[in-house]
Structure formats: structure tokens, C-alpha cells
Amino acid sequence: MDHSRFESGVIDLRDIAGPFDLQATLESGQSYLWDRADNGMYDSMSVSGGSHWYETVAPPIDGITDTPIVIRVRQQNDQLEWEATGDPVEVLEHLLRLDDDLTSIYDSFPDDELIKTAVEVFHGLRLVRDPPFSALISFICSAQMRVSRIHQMQMSMADAFGTIHTVDNESFAAFPTPSQLAAQSESALRDLSLGYRASYVKRTAEMVSTGEAHPATAAEHEYEAARDYLTQFVGVGNKVADCVLLFSLDYTEAVPLDTWIQTAIAEHFPACDRDGYLETSRAIRDRLGGRYAGYAQTYVFYYLRGGGEVWSVDIANLWWHVRS
DNA sequence: TAGATACCTTATAG
DNA sequence: ACTATAAGGTATC
């Protein structure tokens, strides 16, 4: 095997532009790449500011790495500690969007109370740049699913069909490659409790593994054409396509119109509540400041997703949750 | 071309 | 305990 021991190091977060919060970033339902080492992910109302270890097997990334790398990270205040099978700094900058100037991005948000509150509460939440294939599959699985179960399905696929990497006598399962996933039967996927998504996952994995299409190819197009390109995959409509564009392919203007956001639009930005997906999408994108509209959406979604308890408590109480 | 409906499975609220 | 219900939609008629 290429590597069998962890190296370690630290990224000084004072060197990046704007704040960073690892827990808010990884547990906000945009990325299903990471697993919390203590297995506590999503099992309670997660907020931000925690200091947990997260681990993943990052696949090769164009222009950065040509082999998988096992990475473990933890945030301690302004230090991002890492252990990895190689130098993961550029990979982390890429995956966690440490290259974004988050302060400038906040400045691009419209002056709005809901957004302002969400930004205060989840200060430092960044978008992610997940690898395209696993992002595509995870959002296909997201249909009619809670965040915790999407994460669970993603981890099951890795455990069942992915390549195992052993480091310091610990095992880490990579997310399956397109061919590893395409090789599975639909019933094998149903056994992981994917439900009707099983055939979508299999057929999409086949399309990618045969070279018929690849999610990364969408990036050759401008935004709306890229979204259309992605909808050729089975199980991918406009909403899932927008998720892949926003959380994997660098289209920070994409605003996935899920049920939560649609409700928020109707209640909060009624003027943007148009007839079809295309028109509402254009209106809310414009309303949220254009280029970084998807960034603003992610704050709003995470804030609203708090639902039940967190949503109903007042702001002072919410701050208590954040601080503790 | 719009508009309903079925679709898998499980966690959680009653 | 036990049953409804809803969960970051999409494909199909």
C-alpha cells in the first residue's frame, strides 16, 4: 500500500481571509464526504463551534493529487490540526474552500434580518467543494431523506463497496469509484436501504463509468446550461443538479430550491415566489446578491433546518447553544 | 405540455 | 408498544 502511517501538522486559520467553523461547515448538510470520528454526527441538534475529529478518504483531485489520501482534521480555535497520509494542505484548502474571502462574501449579502441572524449564529460556515462523483450520488440519495440518513447511506456505500485504506492499523473506506458502484446489483444497493434511489444510483454510476457523461463536464458550461447537463443523470432534477453545482462544482450562485427554501421564499421573499423552478431560481438568485446567492442560501437553510427546538427558541437561547 | 401520483425506507412524533 | 407521518424530489403516466 502507498502509505501506512499518519503524518501530522497544523493550518493556521489566521492566514485565511475571513472566519472558519469546521463543525458548521461539515455538519450543515452540504457534504457527505466526512465522518465524525466519535460517530456523533447528526445525532443531535448540531450547531457550531465544536471541536471534533472528522475523517475521510479524499479521492484524487485534478491538479492537486493523483492518489487517494486519508485525512483527519480537527479545529482548535484558530488552528486546524490534521493527520494524513501525505501533505493534505492543498486538498483541505480545496475541499473546505479556505480560498474564499468569506468577509467579502458576507458583504455581498443583501441587508435582510433572516440572513443577518443566520450569519451571526453560524459565523464561519463555508461552502464545500466535494468531489463531483460522490456529491452527485449523495444528492441523488437526498430525495425525501433526512440529512442524517443521507450521511448514513453514503457511509454504507463506502463500507460495502469502496476501497479500504489501512493507516496505523486503522481502516478507512473510500467512497466507491463509478465502476465499483456500477458493478453492484440494484438489490445490493437496496440492501443498504437506499429504497427507490437504488436504481437511480446504479444507472447514474453506469453512465459515469462508461464515459457517457461525467458530472465534472458540467463545469464547461455557464450556470443554467450546466444545470441542464446534470439533469441527464437518472434521479437528477433541477434541485439535485443545483446542489451538485453549488457544493461541488464552484457555482456559488446556485440556489437549490428544496422544500425548506421554497417555504422560506414564500414567507420571506414573496416577490421571488414565481411559477416554475427556472423563474423562481432566477428571482431568488438575484435577490440574494447574484454571484454568492448560494452562499446566502446555505446559511438560511442551515438556520431553518434547525427546525423544532432551535428554530423556536429565541436568539439569546440559541447563542447559549452555540457557546456551550 | 402541465399536473397528479407512486415510489423505498426509517426515524420520530403522537 | 404501535401506527401514522414526513423526510433537502424525481420519473412516469
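Side-chain atoms are counted along with the backbone in the values below, which use heavy atoms only and exclude waters and symmetry mates. Lettering of chains follows the sequences in order, A, B, ..., and the numbering in each one begins at 1.
No hydrogens or angles considered: nothing links the side chains of A/D130 and A/S248 as a donor-acceptor pair under 3.5 Å. Under 3.5 Å, the side chains of A/S281 and A/R285 contain a donor-acceptor pair of N or O atoms.
The residue A/Q30 sits close to a base: some heavy atom pair falls under 4.0 Å. At the heavy-atom level, A/F301 lies under 4.0 Å from base atoms of the strands shown. Nucleic acid contact for A/F233: sugar-phosphate only, since backbone atoms but no base atoms lie under 4.0 Å from a heavy atom of the residue. A/S138 comes within 4.0 angstrom of nothing in the nucleic acid, heavy atoms only. Residue-level contact check: A/V147 touches the bases, meaning some heavy atom is under 4.0 Å from a base atom.
The side chain of A/T259 places no N or O atom within less than 4.0 Å of a non-bridging phosphate oxygen (OP1 or OP2) of C/dA7. For A/R149 and C/dA7, the shortest distance from a side-chain N or O to OP1 or OP2 is not below 4.0 Å.
Rounding to whole angstrom units, CZ of residue A/R197 and P of C/dG9 are separated by 10 Å. The CG-P distance, from A/N238 to B/dA2, rounds to 14 Å in whole Å. Between the CZ atom of A/R146 and the P atom of B/dT12 there is a distance of 7 Å, rounded to whole Å. Separating the CE atom of A/M153 from the C1' atom of C/dG9 is a distance of 12 Å, rounded to the nearest angstrom. Residue A/D191 contributes atom CG, which lies 13 Å from atom C1' of B/dC8 at whole-angstrom precision. Rounded to an integer number of Å, the gap from NE2 of A/H151 to P of C/dA7 is 21 Å. Atom CG of A/L194 and atom C1' of C/dG9 are 15 Å apart (whole Å). For the pair A/Y277 OH and B/dT1 P, the computed distance is 21 Å after rounding to whole Å.
Taking atom C1' on both B/dA11 and C/dA1, the two are 16 Å apart, rounded to the nearest angstrom. Remark: the separation of the P atoms in B/dC8 and C/dC13 is 13 Å, to the nearest Å. Using P as the reference atom, C/dG8 and B/dA6 are 22 Å apart when rounded to the nearest Å.
The neighbour count for A/D62 CG, taken as heavy atoms of other residues, nucleotides or ligands under 6.0 Å away, does not exceed 12.
Checking C/dG8, C/dG9, B/dT9 against every side-chain atom of A/M145, the shortest atom distance belongs to B/dT9.
Between the side chain of A/Q297 and the base of C/dG8 there is at least one donor-acceptor pair of N/O atoms closer than 3.5 Å. For a distance-only test at 3.5 Å, the side chain of A/Y196 qualifies as a donor-acceptor partner of the base of C/dG9.
Pairing for B/dA4 goes to C/dT12, judged as Watson-Crick or G-U wobble with the two contacts each under 3.5 Å.
Checked against the 6.0 Å centroid threshold, A/Y229 and A/H221 count as a close aromatic pair.
A/Q23 places a side-chain heavy atom less than 4.5 Å from the side chain of A/R36.
The residue among A/Y200 and A/Q152 whose nearest nucleotide of DNA chain B is located toward the 5' end is A/Y200. For the pair A/T231 and A/I150, nearest-nucleotide mapping onto DNA chain C gives the more 5' position to A/I150.
Evaluated for a side-chain contact (heavy atoms from CB on, under 4.5 Å) with A/R129, the options A/L249, A/L246, A/D99 yield exactly one hit, A/D99.
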